[in-house]
There are 2 protein chains.
Amino acid sequence: MASTNPGVAVPTIYDVAQLARVSPATVSRVINERGNVDAGMAQRVQEAITALGYRPNSLARSLRRQMAPVWTLIISDIENPHFTSLIRGVEDAAQAIDHSVVLCNADEDLTKERRYIEVAIAERAAGVVISPASDRHSSVDPLLASGIPVVTIDRRLRNSPVSAVLVDNTSGAQCATAHLLESGYSRVACITGPMRTSTAVQRLGGYRRALKRAGAPYDPRLVRVSDYKEAGGYEATGTLLAADERPDALFVLNSLMTMGALRCIADAGVRIPDQMGVVGFDDHLWAQLLRPTLSTVAQPTYDLGRTAAQLLIEQAESPDTAPRTVTLATELLVRESSVRTAAPR
Amino acid sequence: MASTNPGVAVPTIYDVAQLARVSPATVSRVINERGNVDAGMAQRVQEAITALGYRPNSLARSLRRQMAPVWTLIISDIENPHFTSLIRGVEDAAQAIDHSVVLCNADEDLTKERRYIEVAIAERAAGVVISPASDRHSSVDPLLASGIPVVTIDRRLRNSPVSAVLVDNTSGAQCATAHLLESGYSRVACITGPMRTSTAVQRLGGYRRALKRAGAPYDPRLVRVSDYKEAGGYEATGTLLAADERPDALFVLNSLMTMGALRCIADAGVRIPDQMGVVGFDDHLWAQLLRPTLSTVAQPTYDLGRTAAQLLIEQAESPDTAPRTVTLATELLVRESSVRTAAPR
DNA sequence: GTGAAAGCGCTAACAC
DNA sequence: GTGTTAGCGCTTTCAC
């Protein structure tokens, strides 16, 4: 029915100009509210626009302006709920300045990541926000070479001079670990994510620092490197529970793995918090619905996105400013899963 | 440092042509793998592309082709985890055919929705996937008039002839309600979402149908219309618990409200499942971590997105095909929260 | 099989 | 203040 309109051409700025008896330039001025246009003329233009149902072609506009009002948001794993409200933070900021957000799921895959960066360049994006799959492969260099503002989010890059928005992973992890030690747990295990991500490196660093400060030995047998996914958390926890000297507490470095860990602990019939203290990174609504309620390290995810957008705007306005790193605070939320109620075992 | 390169112009297809000593048309043919190009020439072109670091300007390409390889995905609430894997389903499909996804959060707001639709038209999007904020205001009409393929997802529109991908909300809700009744609960309450959404209408319909089939009376005092948000679920549950004749079971029509309901029930010290049976719409990983584990109606969210993408591709290929509605099955997952272990009270 | 040239729709000099 | 015009970078007839 109302599908394609074969004969009816989409009206252009020339059609509007003709109908309003002005030049295309004037129409353009009216649309973009640039320059002074006679009120009567502007009126006629508006009427012509309405009459024709004219909508500016932003492809043509962007081509002419050499820049599309688009931010490319490259996320390492969309399905990770941590990124959901971060995305929203970026999206809200984009909307405020009439930019669109192109969402790209790199899936922790460097090849996909690189392809999306190519797309961003090809589309002449106004900026790119990226949570890099790896802290070494600075796949963002082509962006810098193209003069496209870049901000890394959640994770940082080692060798590229780009702005970054991070949370204080080290201190978050340190607090969590210290808290477990102070609660009387002595063998605190840690399940970390891929060591090519700065978050895993920093959080593990915080864990180690807390051990050191507490005078506790660092025991590599209590550490499992996993993949930031639920199944990975389950499996890693399984090997910890099966180990000769079982840990009495567990610090899990993201929420998906935490869910896996909790599932495994439940399957094994181990009681939280008495037989096993647990703290997870990332806070979510369900954390307080669990019994015992789950202690977490909360991150300001929405602000992470919003701040990234700010840095992007900053850079677009003054491209020669040096890159900036903004670090947002984390907060340890102590709930029941990390506080013993009785003696262990 | 490597920020904008003021002097260095971005290479165009003409630069490549010049260096490879061929015409721009030939370069275009090589890039797009169209037409037959002499192998030697193609070789030279490839080398020139590499040498110059040339990347096609997709703005120019799309302008010329009158169409951007972009799908606009308008979601009514990004923060609702239900939509996360749906987004991923669309994104994966888009990636497979080299399309980008522009993510728009309409926030259940018709004005925002309409604005995003304008953007989609202005950008000459290749297609739009939308979960409409309202089933009446068919803000998609301008899209149809522009000949842009549209698919609604999760929700349907009443008066617009567009393809849709839905889940079988009615039967999902009916199963859940019937299950609660069969488990021996007699006063089954229901917390629904905004009645301008087809999901709320259909699920409430399923609830009523189950009551009818079981010979149970429909009591409006057991129904609360809320907003699909956590706080809304909390509040609605509060009013139900405060009512004269308290319900003994609760069916909540999405997961955010379910979390609110569970929090309220916990705060009130009401025991699940003995004093209150609970089933929630939408399954998530945390549902099985709760104690008691939470019964849910699971939806194939990823497939919802993937199917929407398929319909979009279908329509793009044959625009004159009549719109199609695909309904995917839901599944009732019976866990502990809806099965009594002892007598109530 | 290859090239020349027009033009997609818009904006921004520039001239008036 | 307004109009004329060139051109953003690409694809695609059309001619050879």
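Computation of the quantities below employed the complete heavy-atom set of this structure, encompassing side-chain atoms and omitting hydrogens, waters and symmetry-equivalent molecules. Numbers restart at 1 for each chain; the letters A, B, ... are given by sequence-line order, proteins then strands. What you see is a predicted model; the values in this text were computed from it and never measured.
- Between B:Ser28 and D:dT11 there is a side-chain N or O to OP1 or OP2 distance below 4.0 Å.
- Listed pair A:Asn57 / C:dC8 fails the phosphate criterion, with no side-chain N or O lying under 4.0 Å from OP1 or OP2.
- One can place CZ of A:Arg65 at 11 Å from P of C:dC10, the figure rounded to the nearest angstrom.
- Taking atom CE of residue A:Met67 and atom P of nucleotide D:dG9, one finds them 15 Å apart after rounding to whole Å.
- Residue B:Leu63 contributes atom CG, which lies 12 Å from atom P of C:dT11 at whole-angstrom precision.
- Look at B:Glu108 and B:Arg155 and you find a salt bridge, because one of the NZ, NE, NH1 or NH2 atoms lies within 4.0 Å of a carboxylate O, short of that distance.
- For B:Arg61 and C:dC10, the CZ to P distance is 21 Å, given to the nearest whole Å.
- Distances from the side chain of A:Thr26 to the nucleotides C:dG9, D:dC10, D:dT2 place D:dT2 closest.
- Across all strands shown, A:Arg29 has heavy atoms under 4.0 Å from base atoms, whether or not it also approaches the sugar-phosphate.
- Phosphate contact (OP1/OP2 of D:dT11, side-chain N/O of B:Gln66, threshold under 4.0 Å): absent.
- Rounded to an integer number of Å, the gap from CZ of A:Arg64 to P of D:dA6 is 13 Å.
- A donor-acceptor contact closer than 3.5 angstrom is absent between the side chains of B:His82 and B:Asp77.
- Whole-Å rounding puts the A:Tyr14 OH to D:dT4 P distance at 11 Å.
- Within 6.0 Å of the CD atom in A:Glu314, the count of heavy atoms belonging to other residues, nucleotides or ligands exceeds 12.
- Both B:Met41 and A:Arg55 lie close to DNA chain C; mapped to their nearest nucleotides by heavy-atom distance, the more 5′-ward contact belongs to B:Met41.
- Residue B:Val22 places its side chain closer to C:dG3 than to any other of C:dG3, C:dG1, D:dG1.
- If you measure from atom CZ of B:Arg21 to atom P of C:dG3, you get 11 Å, rounded to the nearest angstrom.
- Atom OG of A:Ser62 and atom CD of B:Glu123 lie 7.5 Å apart (nearest 0.5 Å).
- In this structure, CD1 of A:Ile13 is placed 14 Å from P of D:dT4, rounded to the nearest angstrom.
- Residue whose closest nucleotide on DNA chain D sits further toward the 5' end, between A:Ala25 and B:Pro56: A:Ala25.
- Atoms CG and CZ, from B:Leu304 and B:Phe83 in turn, are 8.5 Å apart once rounded to the nearest 0.5 Å.
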